[in-house]
Number of protein chains: 2
Amino acid sequence: MTTASPLSDPRDSGRKAATRTDVARYAGVSSAVVSYVLNNGPKPVAPATKARVLDAVAALHYRPNATARALKRGVADMIGMIVPDSRNPFFAGFVHAIDRAASRRGLTVLVINSDSRREDGSSHISALASHQLDGLVVADTLTEEERALVMSLGVNVVLVNQFRPDSRVVSIGVDFYNGAKEAVAHLIEHGRERVAFVGGDPGVDERERGWIDALGEAGLPPGPRVRGSFSVEAGYAAGQKLAAQRDQLDAVFVASDQLSFGLMAALHEAGLTIPADVAVASFDGSSESRYLCPPLTTVRQPVDEMADAAIDALLDTSRGAAYVDFPTTLIRRQSCGCHPASS
Amino acid sequence: MTTASPLSDPRDSGRKAATRTDVARYAGVSSAVVSYVLNNGPKPVAPATKARVLDAVAALHYRPNATARALKRGVADMIGMIVPDSRNPFFAGFVHAIDRAASRRGLTVLVINSDSRREDGSSHISALASHQLDGLVVADTLTEEERALVMSLGVNVVLVNQFRPDSRVVSIGVDFYNGAKEAVAHLIEHGRERVAFVGGDPGVDERERGWIDALGEAGLPPGPRVRGSFSVEAGYAAGQKLAAQRDQLDAVFVASDQLSFGLMAALHEAGLTIPADVAVASFDGSSESRYLCPPLTTVRQPVDEMADAAIDALLDTSRGAAYVDFPTTLIRRQSCGCHPASS
DNA sequence: CTGAAAGCGCTTACAG
DNA sequence: CTGAAAGCGCTTACAG
């Protein structure tokens, strides 16, 4: 049985890909010299020889085999990234930022969605690690068991956006607490006194604490609180729930843009006007937030800077465990009650 | 210089990862037998021996090296995917669907965003292909040169969602033409007579033809037409443009949900009511579309089915070049003028 | 049922 | 400046 694929260009079928040996033979040099030329070292090569090698590479359409290179060198010029769900705009943006930062350094990014692999326990993490990764970016909330596994992998790890940073590794995040506090304080400046909270699982989230404290400092009691997952659906459900108790709130602080997306849809369907009936302030600063109706006031996370720092930390192994907190920026748009700049 | 990283668990620092040889020695067998056990073949292994090997694997925390395996076998159990921008919800959904489909078959997906790598010409495609891929899913519009490169890679290729399918390979798409036609016909059923079009680059898009023909069959002339990229920003700009000539239209057919997202924001800002002033019908059926205000009427692409078919085509090399067209489904929500089901 | 050995395509220390 | 050779960690045909 031949492996010639009918899907590939007929002109190429049956023709095997050229290897370094083919190139060496064609150029009349050793395979070592081919490597020296292609890698610009570690040995110098005479210009004339180099030209011959390059000609051979072009003539044979030679493409180096990254797998063989990775096996020999021990690293694959590839970093792994674990996210809960890459469809979530916040993670989509983060993955993209990591991809750009990695790309600038000649690295490829291998992304694993844990939501589509949770069924096989933590084996997706091992599977990821088997690829000779240069490092691993974890943007997912891991169980203690998974954390232990990640630590034991022998690969550099950086945690991003964890609620509970780990003292054993580099963690990069934003100042959830003060970001949340600023947003809630802003709602209070608009005269809101019954500010609800919509967010994630109990106890782990600094944003919830920021919400309580901002209220407390203004002498206000916490409003209704709805916790769930960070999905649009959960936001929608929270919106329905809050709409049903609309007399108990005049504003909501939402822990993620994705949640706000669903929440605002539910509020609209219930006939509530934003911000007149309920003001909304959110968290993340996704690019979509600007296009919601009304445009969403949200606490921006500096995703590009965080991605850059994450890659740097991954590559610079001399750096010990540390927690790096990036500051957030409150983006004031209309959902909180601010007026459009142009009018 | 030691390579022990301060980022890894101190308990592991200095300890090198176990290899198949270590496991073999520990279990008192040959490395071949370790392979037979781990791969369930190709040779049978006595139960007692197998147990010893498994014990050794556990004791040494052995994890097979995927790179070495890929080098030896010639394939990496990995498929590549090229998308223009994984942040776009439509592509994010598609990547996710491909990831799930691949995951079910034990494959990993390596995603390349061409927008963050366009600068280096088509070298990102070669770089992708150097990883011993089992196949390549192309969800990006390629130049003729890039197409030629992809074809010459010697790797199975399937094109998804191309405006212009390629007769040389398997192409998987939806029936853009009839999907668009159905959406526009639906707007006409709502009594709209001046239906605008917002879409992509001139000439390449069957959705534009579907729009014209639906109008033509109803004896209606084409409304205003705005073309650009498929970004939210382009949709916003298109919305501003159409709002400025609001007297020339009473509906818009938009070629993608992402575009609709920006368009609706611009229409709202201009003080227009959807669907009262302008009805909107869109294309893609992203999960977000349901949460827009008002909920977006959109032509759904069966992304999961398409992803499954794409992976099947990639793996089944006996299948020749073909074009597979999936049917679309019109999802009627409120933006076209339909009333909510519940009221 | 088990093992010795070749080889996948690279890189690089070593020798010239 | 160039090359012969070892070796990265696997898989598998071949032999027992």
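Lettering of chains follows the sequences in order, A, B, ..., and the numbering in each one begins at 1. Excluded from the calculations below are hydrogen atoms, water molecules and symmetry mates; all remaining heavy atoms, backbone and side chain alike, are included.
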Problem - Integer-rounded Å distance: D/dG7 P and B/L71 CG - result: 17 Å
Between the protein and nucleotides 10-12 of chain D, are there any N/O to N/O pairs under 3.5 Å, and if so, what are the atom names and distances?
| from | atom 1 | to | atom 2 | distance (Å) |
| --- | --- | --- | --- | --- |
| D/dC10 | OP1 | B/Y62 | OH | 2.7 |
| D/dC10 | OP1 | B/N65 | N | 3.1 |
| D/dC10 | OP2 | B/R20 | N | 2.9 |
| D/dC10 | OP2 | B/Y62 | OH | 3.3 |
| D/dC10 | O5' | B/Y62 | OH | 3.3 |
| D/dC10 | O5' | B/N65 | N | 3.4 |
| D/dC10 | N4 | B/R20 | NH1 | 2.9 |
| D/dT11 | OP1 | B/N39 | ND2 | 3.2 |
| D/dT11 | OP1 | B/R69 | NE | 2.5 |
| D/dT11 | OP2 | B/S35 | OG | 2.7 |
| D/dT11 | OP2 | B/N39 | ND2 | 3.4 |

Completion exercise
Considering only heavy side-chain atoms of B/V29, the closest of C/dG3, C/dG9, D/dT2 is C/dG3
Problem - Cationic N near anionic O, under 4.0 Å, A/D77 to A/R69 - result: yes
Exercise for the section: For B/T49, report the nucleic acid contact type (base, sugar-phosphate, nothing); a contact means any heavy atom under 4.0 Å. Expected result: sugar-phosphate
Handout entry: Mate of C/dA13 where both pairing distances stay under 3.5 Å, Watson-Crick or G-U
Key = none
Handout entry: Interatomic distance at P, C/dC10 relative to C/dC14, whole Å
Key = 24 Å
Handout entry: Greater than 12 external heavy atoms within 6.0 Å of A/F326's CZ
Key = yes
Handout entry: Residues forming a side-chain contact (heavy atoms from CB on, under 4.5 Å) with B/A127, sequence neighbours excluded
Key = none
Exercise for the section: Return the minimal non-hydrogen interatomic distance between A/A139 and A/M81, and the atom names on each side. Expected result: CB-CE, 4.2 Å
Problem - Rounded distance in Å - CD (B/Q132) to C1' (C/dG9) - result: 8 Å
Exercise for the section: Write down the distance between CG (A/D22) and C1' (C/dG9), rounded to a whole number of angstrom. Expected result: 11 Å
Practice task
For nucleotides D/dT12 and D/dG16, find the distance between their C1' atoms and express it as a whole number of Å.
Solution key: 16 Å
Practice task
Not counting sequence neighbours, which residues clear side-chain contact (heavy atoms from CB on, under 4.5 Å) with B/V37? List them please.
Solution key: B/V33, B/V45, B/K50, B/V53, B/L54
Problem - Validation row: A/S126, A/L149 side chains within 4.5 angstrom (heavy atoms) - result: yes
